Amino acid sequence: MPATLLTDASRRLEKAAQYAPISDDATERLKFPKASLKVAIPVRMDDGSLRVFEGYRVRYDDTRGPTKGGIRFHPNVSLDEVQSLAFWMTFKCAAVNLPFGGAKGGITLNPKDLSKLELERLSRGYIDAIAPFIGPDLDIPAPDMYTNSMVMGWMMDQYSIIKGVRSHAVITGKPVSMGGSLGRDTATGIGAFFVINSMMEKLGKRPETLTVAIQGFGNAGSVVAQHLFEAGYKVIAVSDSKGGIYNKNGLSIPDVRQFKQTYQKMKDVYCKDTVCNVTNHNTITNEEILSLDVDILIPAALENQITVANAHNVRANYIFEVANGPVTADADKILEAQGVALFPDILVNAGGVMVSHFEWVQNRSGLYWKLDKVNKKLQSRIIEEATTIWQVARRKDVSFRTAAYIHALSRIGEALNDRGTRDYYTY
Ligand code: GLU
């Protein structure tokens, strides 16, 4: 992980600040995370030995409300990465008008090396270490890469034990039986689908005429694939960390999902007779998928996938960032020069945190919503923000990324300015 992730992220801020009605004071303030916590988490392993893991929680900015953002378990987790992800969350929450600031957390480990019991001890140990830093009105974690509702359930439970009160609203993305919201598990993928479909509608494109390649077939990638498939888009390639499959006539996504669920790895999907009978496909690498000749490319895996090294190989007309930060700031320039229209992470994958907000609202009101209500609210809210970002891009003649940042920054800037700026004090 390059040590410059946060610097890379802040370059988007500087660019947007040129167009947004925001004071220099506010821009300066937003270059620094508000508070960063690094903790050591001792865990008793199943064999009796002790391992100490490093964890982080960063609260980037809370001008618009309590901070919000996921917790990831991944070997690449570092303070720099968590700070940049917290920066992105700040802009994401503002871009879609949630009453939250941005945060992120993580533990450096490969979760696949730990047993379920070890993972539970680790999750609870992490909350023991960060409990004073979080809270329903302070900072509200959620799932991110390699964490899920089970982990969120353990964490909420541990926080409640520490505080001596049931505190459902401290964490979102919980199991439904523990105060989770219906639809939270699919929200990122469905939200991304709503954004893609409404943008294609605005461009006058019909789904049947559009080919799609998706890098990453996890919780977000597989759901967006399913919805695009159902709407008539031709999904011709999908991959996971082990490799991918490709068929120029389109893949049967329901079959791929079913086989991926059964066999876990995409690599195994194309080797099993059953799926081979359903669809014809060739194998493709994760790198190759990025340079496929498709209309729509969806990076839905890790950050830093499209960089100066491979941006010029991209042949897609549209990129929708379902992962956080898959395209670097330098690659943005190359893609723009090539005429690629890129729709940014802080809009495209915001469905997850939007439904997290719905979950928090449900927890605090004690009234729980039907799935249909969750999805309808998600649809209208995310399309409304996408439409405004579209209009900002057209009006100011900037990329959709810059437009999304301008849109978010105007909201954060207003809240910062209302607290008093240099002008305010000079009168
Ligand atoms: N980890 C997700 C994200 O990056 C969700 C965060 C949340 O729900 O708070 O947007």
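Keep in mind it's a predicted model, so treat the numbers as computed, not measured. Values reported hereafter were calculated over all heavy atoms of this structure, with side chains retained and with hydrogens, waters and symmetry mates removed. One-based numbering, in listed order, for ligands and for the atoms of each.
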* Heavy-atom distances under 4.0 Å are what count here, so tell me which part of Arg72 touches ligand 1: side chain, backbone, both or neither. => neither
* Non-neighbouring partners of Thr328 that pass side chain to side chain contact (heavy atoms under 4.5 Å, CB included), sequence neighbours left out -> Asp8, Asn304, Thr307, Asp330, Ala331
* **Phe87 and Tyr60 aromatic ring geometry - parallel, tilted or perpendicular at 30°/60° bounds** => perpendicular
* Taking NZ, NE, NH1 and NH2 as the nitrogens, is one of them in Asp345 or Lys92 under 4.0 Å from a carboxylate oxygen of the other? -> no
* Asked: Do ligand 1 and Ala142 have nitrogen or oxygen atoms that lie under 3.5 Å from each other?
  -> no
* Asked: Can you tell me if His168 and Gln362 form a side-chain donor-acceptor pair at under 3.5 Å?
  -> no
* **Contact (N/O only, under 3.5 Å) between Asn349 and ligand 1** => no
* **Closest approach of any protein heavy atom to atom 3 (C) of ligand 1, naming residue and atom** => Lys92 NZ, 3.3 Å
* Tell me which part of Pro143 gets within contact of ligand 1: side chain, backbone, both or neither, using heavy atoms under 4.0 Å. => backbone
* For atom 1 (N) of ligand 1, closest protein heavy-atom neighbour -> Asp144 OD1, 2.7 Å
* With no hydrogens and no angle check, do the side chains of Ser36 and Gln83 hold a donor and an acceptor under 3.5 Å apart? -> yes
* Using a strict cut-off of 4.0 Å, indicate which atoms of ligand 1 neighbour a heavy atom of Met89. => 3 (C), 4 (O), 6 (C), 10 (O)
* Flag for Asn313-Ser291: side-chain donor and acceptor within less than 3.5 Å -> no
* For ligand 1, is any non-hydrogen atom under 4.0 Å from Lys104's backbone (N, CA, C, O), its side chain (CB onward), both, or neither? -> side chain
* Asked: Going by atom types only, do Gln158 and Asp128 share a side-chain donor-acceptor pair under 3.5 Å?
  -> yes
* To do: Could you tell me if any non-hydrogen atom of Met145 lies under 4.0 Å from any atom of ligand 1?
  => no
* Any side-chain heavy-atom pair of Val176 and Arg184 under 4.5 Å -> no
* Shortest protein heavy-atom distance from atom 5 (C) of ligand 1, along with the residue and atom involved -> Arg184 NH2, 3.5 Å
* Should you measure from each heavy atom of Val353, which atoms of ligand 1 turn up under 4.0 Å away? -> 7 (C), 8 (O), 9 (O)
* When you look for heavy atoms under 4.0 Å from ligand 1, do you find them on the side chain of Ile140, its backbone, both, or neither? -> neither
* Asked: Can you tell me the protein heavy atom closest to atom 9 (O) of ligand 1 and the distance?
  -> Lys68 NZ, 2.8 Å
* Report the nearest protein non-hydrogen atom to atom 8 (O) of ligand 1: residue, atom name, distance rounded to 0.1 Å. => Ser356 OG, 2.6 Å
* Indicate yes or no for a side-chain donor-acceptor contact from Asn219 to the backbone of Ser222 under 3.5 Å, with no hydrogens or angles considered. => no
* For ligand 1, is Gly69 a contact, meaning one of its heavy atoms is under 4.0 Å away? -> yes
* **Which residues share a side chain to side chain contact (heavy atoms under 4.5 Å, CB included) with Met200, sequence neighbours left out** => Ile196, Leu203, Lys205, Leu210, Tyr233, Ile296, Tyr318, Phe320
